[in-house]
Trainee: 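Take this structure first; my questions come after.
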Amino acid sequence: MLRKLGKYREAVEDYTKVIGLDEKYLQAYNRRAVSYNKLKETGNMCLDLKKVCELGDCRGIESVQKAEKCK
């Protein structure tokens, strides 16, 4: 909800708490990556998307790699 309200920093904090409770919760990493992107924190966005790929879903990282946002 915070992300949809444009409160990206607060959203990152919430998603980080969720990830602390469940380190395999892909949706939390994906949504935190979106928030990082909105904050122009590309490095952090890429780290989250790479983690999601390690956990089995590489669509996000492949998409941003095609857009040359992550290496």
Side-chain angles (χ1 to χ4, degrees):
M1 187 65 162
L2 290 168
R3 182 174 53 92
K4 290 183 179 182
L5 294 173
K7 296 182 178 186
Y8 304 114
R9 180 62 52 208
E10 294 91 339
V12 165
E13 292 170 7
D14 280 357
Y15 294 130
T16 300
K17 290 176 187 174
V18 171
I19 291 165
L21 296 172
D22 182 356
E23 294 181 0
K24 294 183 179 179
Y25 188 40
L26 300 179
Q27 199 168 17
Y29 285 103
N30 277 323
R31 289 181 176 170
R32 188 172 71 173
V34 170
S35 296
Y36 278 136
N37 186 47
K38 295 289 188 176
L39 292 167
K40 308 235 184 288
E41 294 184 22
T42 306
N44 287 326
M45 175 193 70
C46 293
L47 289 173
D48 276 356
L49 293 175
K50 288 176 184 176
K51 179 64 176 181
V52 171
C53 185
E54 288 172 16
L55 293 171
D57 182 357
C58 295
R59 293 174 294 176
I61 192 68
E62 290 170 353
S63 176
V64 294
Q65 284 174 333
K66 286 180 185 174
E68 298 183 0
K69 288 187 176 186
C70 297
K71 296 180 182 183

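Nothing fancy with the numbering, it's 1 onward along the sequence. Computed from heavy atoms alone, side chains included, the values below leave out hydrogens, waters and symmetry copies.
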Trainee: Do Val52 and Ile19 share a hydrophobic cluster, counting only Ile, Leu, Val, Met, Phe, Trp and Tyr and linking them when any side-chain heavy atoms are less than 4.5 Å apart?
Mentor: yes
Trainee: Minimum heavy-atom separation for Lys69 to Cys46, with atom names?
Mentor: O-SG, 3.6 Å
Trainee: Rest of the hydrophobic cluster containing Val34 (Ile/Leu/Val/Met/Phe/Trp/Tyr, side-chain heavy atoms under 4.5 Å)?
Mentor: none
Trainee: Does Lys66 have any side-chain contact (heavy atoms from CB on, under 4.5 Å) partners at least two apart in sequence or in another chain, and if so, which?
Mentor: none
Trainee: Could you list the cluster mates of Tyr15? Members are the ILVMFWY residues connected by side-chain heavy atoms closer than 4.5 Å, either directly or through other members.
Mentor: none
Trainee: Sequence neighbours excluded, which residues qualify as side-chain contact (heavy atoms from CB on, under 4.5 Å) partners of Cys53?
Mentor: Cys58, Ile61
Trainee: Under 4.5 Å side-chain heavy-atom separation, chaining through any Ile, Leu, Val, Met, Phe, Trp or Tyr, what else clusters with Val18? Say none if it is isolated.
Mentor: Tyr25
Trainee: Could you grab the distance from atom CD of Glu54 to atom OH of Tyr29, nearest 0.5 Å is fine?
Mentor: 9.0 Å
Trainee: Using the salt bridge (charged side-chain N to carboxylate O under 4.0 Å, His left out) rule, collect all pairs that involve residues 21-38, keeping only residues at least two apart or in two chains.
Mentor: Arg32-Asp48
Trainee: Do any pairs count as a side chain to side chain donor-acceptor pair (under 3.5 Å) and have a residue in residues 55-64, sequence neighbours left out, and if so which ones?
Mentor: Asp57-Arg59
Trainee: Would you please name every residue forming a side-chain contact (heavy atoms from CB on, under 4.5 Å) with Glu10, sequence neighbours left out?
Mentor: Leu2, Lys7
Trainee: Can Leu49 be reached from Leu26 by stepping across I, L, V, M, F, W or Y side chains whose heavy atoms are under 4.5 Å apart?
Mentor: no
Trainee: Heavy atoms only: give me the nearest Ser35-Arg3 pair and the separation to one decimal.
Mentor: OG-CD, 3.4 Å
Trainee: Kindly compute the distance separating CD (Glu41) from OH (Tyr36), expressed to the nearest 0.5 Å.
Mentor: 6.0 Å
